[in-house]
Amino acid sequence: MPTATYREFRVVLQLSGFRLVRSKKHETWEKTLPTGEILQVRLSHQMGRDIPRPLFHAMLRQARLSQAEFFALLRQA
C-alpha cells in the first residue's frame, strides 16, 4: 500500500478546498462543508518525510478522502 509525504498531503489538501488556518508546532487545515460542518486535519512540518501508514489513513479519514481520491488529486498537481 502506498503512502505519501507531508508535502504531498499539503498539496492534496489545497486542491480539495482546505485552507491553512494555523501553523505553530503543527499545521491545522480546515474545510467548511456545504452543510456547515468543519473538517480539520493536522499536519507535521516534516516536509519531505513519508507519513507513517496508520497516520496517513487517519489523516485521510479526517479529510474525508479515499486513498483513490487522494492519489487522483496528487496526479493533477
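Counting begins at 1 with the first residue of the sequence. Because only heavy atoms are used, hydrogens play no part in the values below, and waters and symmetry mates are left out as well, while side chains stay in.
Taking the side chain to side chain contact (heavy atoms under 4.5 Å, CB included) definition, one finds that Ala77 meets it with Val11, Leu15, sequence neighbours left out. Under the rule for a side-chain hydrogen bond (donor to acceptor under 3.5 Å, both in side chains), the partners of Glu30 that lie at least two apart in sequence or sit in another chain are Gln40. Annotation: ring-ring contact (aromatic ring centres under 6.0 Å, His included) contacts of Phe70 (sequence neighbours excluded): Phe9, Phe56. Looking at residues two or more places apart in sequence or on another chain, you find a salt bridge (Lys or Arg N to Asp or Glu O under 4.0 Å) between Glu27 and Arg10.
No single ILVMFWY cluster, assembled from side-chain heavy atoms under 4.5 Å apart, contains both Leu60 and Ile38. Hydrophobic clustering of Ile, Leu, Val, Met, Phe, Trp and Tyr side chains at less than 4.5 Å, counting indirect connections, keeps Val21 apart from Leu33. Note on Leu65: it clusters hydrophobically with Leu20, by side-chain heavy-atom contacts below 4.5 Å among ILVMFWY residues.
Every pair passing salt bridge (charged side-chain N to carboxylate O under 4.0 Å, His left out) that includes a residue from residues 57-77 is listed here, sequence neighbours excluded: Glu37-Arg64. Residue pairs that meet the side-chain hydrogen bond (donor to acceptor under 3.5 Å, both in side chains) test with at least one member in residues 12-23, sequence neighbours left out, do not exist here.
When all heavy atoms of Thr3 and Phe71 are compared, the closest pair comes out as O-CZ, 4.0 Å. For Ala63 against Leu39, the heavy-atom pair with the smallest separation is O-CD1, 3.9 Å.
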Could you give the side-chain donor-acceptor pairs of residues 41-52 under 3.5 Å, partners two or more places apart or in another chain?
| unit_1 | atom_1 | unit_2 | atom_2 | d |
| --- | --- | --- | --- | --- |
| Arg42 | NE | Thr28 | OG1 | 3.4 |
| Ser44 | OG | Gln46 | N | 3.3 |
| Ser44 | OG | Gln46 | NE2 | 3.1 |
| His45 | NE2 | Lys24 | O | 2.8 |
| Gln46 | OE1 | Arg49 | NH1 | 2.8 |

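Atoms CH2 and CE, on Trp29 and Met59 in that order, are 11.5 Å from each other to the nearest 0.5 Å.
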